[in-house]
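Scroll down for the structure; my scribbles are underneath it.
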Amino acid sequence: MCQIIAPSILSANFGNLQSEVEMLNQSQADWIHIDVMDGVFVPNISFGFPVLKFISETTTKPLDVHLMIVNPEKYFEIFRKYGATSLTIHYEASTHLHRSIHAIRDLGMKAGVALNPHSNISLLDDIISDLDIVLIMSVNPGYGGQKFIENTYSKIHRLKDMIIQKSSKALIEIDGGVSLENAPRLAEAGTDVLVAGNTIFASENPASTIRLLKSLKPVK
Ligand code: DX5
Ligand code: ZN
């Protein structure tokens with residue numbers, strides 16, 4: 001289906017991160033999705049700059065950084081320095097979203113906004129034309145391997161309508177509980193970027209699971 005596939009490194013084996021990244025380099029993955037969690041915005045802490053720096057020095061793929069942290073604007077420059085290609089911040093963690101989005105773009109990164117499952121698509125109505133990415137959380141942020149929330153399909157349809165109506169170029173990214181079973185329907189609904197952690201890294205052959213995700217045909 002030729003969407004952008006972004007394996008989430010959170011589900012990789014950190015005891016052998018180099019070979020995990022090398023596997024992704026050889027695979028059909030388009031981006032590497034990097035989840036940064038602070039234990040405040042979400043109830044979990046993942047990893048920070050040294051890990052990001054290592055991945056950026058080891059990979060040839062763009063780094064799609066998803067910040068699940070409060071006060072994200074404090075760190076834009078340093079994320080750029082350590083290799084982020086795109087930076088996605090949460091609507092729920094941003095008081096001055098317009099300013100933050102433009103600060104990210106001015107640093108030469110793609111700018112994204114993530115919405116938690118309870119946040120309505122209409123919240124983006126006045127910012128959608130400024131965005132490169134909208135990330136819809138299809139689980140509550142904080143952990144890999146959770147169950148996909150079905151209301152996500154309806155959110156994708158509403159977001160797609162808004163994007164068309166406002167002539168926005170924003171990509172629709174779906175994050176959480178993506179599987180080989182729901183990916184075709186997500187594609188049909190209008191998803192541009194599929195993030196997948198557990199589905200890829202818990203499979204017997206992650207590179208072939210990426211190939212499968214890449215080749216699935218959209219279905220209703
Ligand atoms: C959750 C993260 C996701 C997570 C997805 O807070 O934002 O990117 O790694 O993992 P899976 O695909 O296992 O649900
Ligand atoms: Zn994520």
Side-chain angles (χ1 to χ4, degrees), residues 3-14 17 20-21 24 27 29-48 51-52 55 61-70 72 75 79 84-94 104 109-119 131-153 155-156 171-187 191-204 206-207 209-210 212-214 216:
Q3 285 169 309
I4 293 170
I5 304 296
S8 173
I9 205 76
L10 187 65
S11 296
N13 174 5
F14 279 72
L17 193 54
E20 296 281 57
V21 175
L24 294 177
S27 78
D30 299 281
W31 298 353
I32 300 180
H33 185 81
I34 311 270
D35 289 307
V36 178
M37 306 179 183
D38 65 355
V40 179
F41 181 69
V42 286
N44 192 14
I45 297 176
S46 56
F47 49 79
V51 172
L52 178 64
I55 295 170
K61 310 273 181 181
L63 299 184
D64 178 43
V65 177
H66 175 194
L67 299 184
M68 283 158 276
I69 64 175
V70 298
Y75 307 102
F79 275 108
T85 318
S86 56
L87 207 54
T88 294
I89 57 177
H90 267 261
Y91 180 89
E92 301 84 3
S94 309
I104 293 170
M109 295 177 281
K110 285 194 174 71
V113 170
L115 286 183
N116 276 340
H118 72 274
S119 293
L131 300 180
D132 300 303
I133 297 169
V134 176
L135 185 156
I136 298 179
M137 285 304 314
S138 39
V139 298
N140 284 293
Y143 304 95
Q146 302 183 82
K147 189 174 175 298
F148 180 83
I149 297 172
E150 295 288 318
N151 184 50
T152 305
Y153 297 112
K155 289 179 90 165
I156 299 170
L171 297 173
I172 301 178
E173 179 166 7
I174 301 302
D175 186 9
V178 169
S179 66
L180 290 169
E181 288 69 40
N182 61 24
R185 195 173 156 203
L186 289 168
T191 305
D192 301 298
V193 185
L194 276 176
V195 176
N198 205 50
T199 290
I200 291 172
F201 287 99
S203 71
E204 217 150 279
T209 305
I210 293 168
L212 271 176
L213 282 168
K214 197 76 191 157
L216 289 171

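Whatever order the structure lists them in is the order used to number ligands and atoms, beginning at 1.
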E173 side chain to I133 main-chain N or O, any donor-acceptor pair under 3.5 Å?
no
For atom 12 (O) of ligand 1, tell me which residue out of G142, G197, A114, S179 has the closest non-hydrogen atom.
G197
Is the backbone N or O of A114 less than 3.5 Å from a side-chain atom of T88, with the two atoms forming a donor-acceptor pair by type?
no
For Y143, counting its heavy atoms only, list the atoms of ligand 1 lying under 4.0 Å from any of them.
1 (C), 6 (O)
protein heavy-atom neighbour closest to atom 14 (O) of ligand 1 works out as G177 N, 2.8 Å
When you measure from the side chain of D132 to the backbone of A111, do you find a donor-acceptor pair of N or O atoms at a distance under 3.5 Å?
yes
Does ligand 1 have an atom that lies less than 4.0 angstrom from a heavy atom of D35?
yes
Enumerate the atoms of ligand 1 whose separation from the nearest heavy atom of M37 is less than 4.0 angstrom.
6 (O)
Residue part near ligand 1, for A196, under 4.0 Å between non-hydrogen atoms:
backbone
Here the atoms of ligand 1 under 4.0 Å from any heavy atom belonging to M68 are 6 (O), 7 (O)
Under 3.5 Å, N or O to N or O, is G145 touching ligand 1 that way?
yes
Note: OD2(D175)-the Zn ion (ligand 2)-ND1(H66) angle, rounded to 10 degrees, equals 90°
Residues T152 and S138: side-chain donor-acceptor under 3.5 angstrom:
no
With heavy atoms of H33 as the reference, note each atom of ligand 1 found under 4.0 Å away.
8 (O)
With heavy-atom distances below 4.0 Å as the criterion, list the atoms of ligand 1 near G176.
14 (O)
F201 heavy atom under 4.0 Å from ligand 1:
no
Atom 10 (O) of ligand 1 [closest protein heavy-atom partner, distance rounded to 0.1 Å]:
G144 CA, 3.5 Å
A student checking ligand 1 against L10 at a 4.0 Å heavy-atom cut-off should list atoms 9 (O)
Using a 6.0 Å cut-off, check whether atom CZ of F148 has over 12 heavy atoms from anything other than its own residue.
yes
What part of N198, side chain, backbone, both or neither, has a heavy atom within less than 4.0 angstrom of ligand 1?
both
Under 30°, 30 to 60°, or over 60°: which ring-plane class applies to H66 and H33, parallel, tilted or perpendicular?
tilted
Show the atoms of ligand 1 that are less than 4.0 angstrom away from any heavy atom in P141.
6 (O)
Taking T85 for its side chain and D64 for its backbone only, find out whether a donor-acceptor pair lies under 3.5 Å.
no
Is D175 close to ligand 1, meaning an N/O of one under 3.5 Å from an N/O of the other?
yes
May I ask you to decide if V70's main-chain N or O and D38's side chain share a donor-acceptor pair within less than 3.5 Å?
yes
Give the numbers and elements of all ligand 1 atoms closer than 4.0 Å to a heavy atom of H66.
7 (O)
